[in-house]
Amino acid sequence: MAELGDGTKCVHGGHGDPRPGDPLAPGPVFAAPYHLGDPQGDFYGRAGNPSWRALEAAIGELDGGECVLLPSGMAAISAVLRAVLHHGDRLLVPSDGYYATRQFVREELAELSLDVREIPTTGPWPEDVFDGVRLVLLETPSNPGLDVCDIAELARRAHRAGALLAVDNTTATPIGQRPLELGADIALASDTKALTGHSDVLLGHVSTADGELAQRLRRARTLSGAIPGPFETWLAHRSLGTLDLRLARQATNAAALVDALRGHPAVTGLRWPGLPDDPAHRLASAQMRRWGGVFRFELADADAVAEFVRRSALVVAATSFGGLHSTVDRRAQWGDPVAPGFVRFSAGCEDPADLVADVLAALP
Ligand SMILES: *Cc1c(COP(=O)(O)O)cnc(C)c1O
């Protein structure tokens with residue numbers, strides 16, 4: 001059979017070969033110990049269980065690598081940093097990416113005395129930028145700025161210098177971008193966002209084609225004890241089935257909203273990689289497989305954003321993105337280095353006409 005499409009993989013991924021009498025949608029397996037006696041079988045839930053294996057198979061297939069599930073996006077990021085970095089190593093992280101990543105490196109990895117370099121997603125990436133670097137972490141499109149960098153080109157350069165390259169693929173999701181195919185060693189994500197998309201679960205994962213690294217991450221997960229619960233895993237697997245549909249509607253809504261906001265007198269700094277004249281569009285078109293529902297813009301100040309949310313009937317203030325509900329997050333309140341009126345808008349799955357009418361009515 002020809003390679004299946006992403007929508008088909010989202011629906012069928014990880015469900016295995018059906019047997020008569022099996023449920024179409026198996027539930028989570030709640031078990032701490034298992035009956036012993038099968039050397040290949042499960043023995044204790046912290047080391048492995050059927051709920052993880054099913055979702056890891058599904059996400060791994062989409063990512064094109066071996067997937068290790070972790071209890072949150074930060075758990076995925078911290079697991080990779082801890083698995084790869086040694087005392088005194090040089091680490092490159094985006095200066096404009098998810099803020100908790102930089103905080104984790106600064107506070108929790110302080111004892112490693114890392115040489116941490118911060119680079120904006122759009123560079124510049126000087127000739128010698130990868131010299132002596134152990135690990136490069138990219139985030140593209142970046143959160144919250146939605147800037148984009150060239151994964152394939154930076155992977156080539158990082159590898160030439162002997163560095164490993166990891167990509168935080170949260171904003172794109174595994175069906176929006178395949179970092180491993182573009183040359184990255186590691187794709188990781190917060191699945192709390194669009195991958196699960198119902199604002200009811202925290203989860204993360206790491207995918208890699210390096211079996212030895214996957215093994216190390218599994219071992220660290222077992223020994224650290226920070227594991228995803230089977231119910232969260234099952235919720236995520238259930239939600240994955242509609243990822244293709246949800247992203248399609250979110251992108252349709254983002255396109256409609258961006259179109260309505262262009263040229264609006266109260267709106268500046270409108271950015272969405274799907275916009276043909278967006279600075280990130282050319283590169284994003286080349287390496288992304290589809291657009292998501294997150295865009296950004298600026299209103300005059302913090303009060304203007306609060307007033308916008310107050311006047312809107314459909315858009316709620318919340319600090320996450322990629323869910324069914326349209327949400328706005330004023331990023332400056334969390335310490336992101338952006339203007340006070342900077343809004344990250346996550347288009348949900350409402351009807352496009354309703355959203356556009358609501359947003360236009362709520363703007364000054
Ligand atoms: C939210 C987010 C994270 C952290 O994920 P959690 O599931 O909240 O731990 C990491 N990276 C990016 C880009 C994110 O948006």
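Remember, it's 1-based here, ligands and their atoms both numbered in the order they're listed.
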Open item on the list: Once ring-ring contact (aromatic ring centres under 6.0 Å, His included) is applied, do any residues pair with Phe231, and if so which ones, sequence neighbours excluded?
Closed with: Trp234
TODO: Return yes if a side-chain donor-acceptor contact under 3.5 Å exists between Asn143 and Thr171, otherwise no.
DONE: no
- [ ] Please work out whether the ring planes of Trp125 and Phe130 are parallel, tilted or perpendicular, with thresholds of 30° and 60°.
- [x] parallel
Open item on the list: Check the orientation of His281 and Trp291. Use parallel for under 30°, tilted for 30 to 60°, and perpendicular for over 60°.
Closed with: tilted
Open item on the list: Does Asp17 have more than 12 heavy atoms from other residues, nucleotides or ligands lying within 6.0 Å of its CG?
Closed with: no
May I have the N/O to N/O pairs between ligand 1 and the protein that fall below 3.5 Å, each with atom names and distance to one decimal?
{"from": "ligand 1", "atom 1": "5 (O)", "to": "Ser190", "atom 2": "OG", "distance (Å)": "3.0"}
{"from": "ligand 1", "atom 1": "7 (O)", "to": "Gly73", "atom 2": "N", "distance (Å)": "2.8"}
{"from": "ligand 1", "atom 1": "7 (O)", "to": "Ser190", "atom 2": "OG", "distance (Å)": "2.8"}
{"from": "ligand 1", "atom 1": "7 (O)", "to": "Thr192", "atom 2": "OG1", "distance (Å)": "2.6"}
{"from": "ligand 1", "atom 1": "9 (O)", "to": "Gly73", "atom 2": "N", "distance (Å)": "3.1"}
{"from": "ligand 1", "atom 1": "9 (O)", "to": "Met74", "atom 2": "N", "distance (Å)": "2.8"}
{"from": "ligand 1", "atom 1": "11 (N)", "to": "Asp168", "atom 2": "OD2", "distance (Å)": "2.7"}
{"from": "ligand 1", "atom 1": "15 (O)", "to": "Asn143", "atom 2": "ND2", "distance (Å)": "2.9"}
{"from": "ligand 1", "atom 1": "15 (O)", "to": "Lys193", "atom 2": "NZ", "distance (Å)": "2.7"}

Open item on the list: Centroid separation under 6.0 Å, is that true for the rings of His237 and Trp52?
Closed with: no
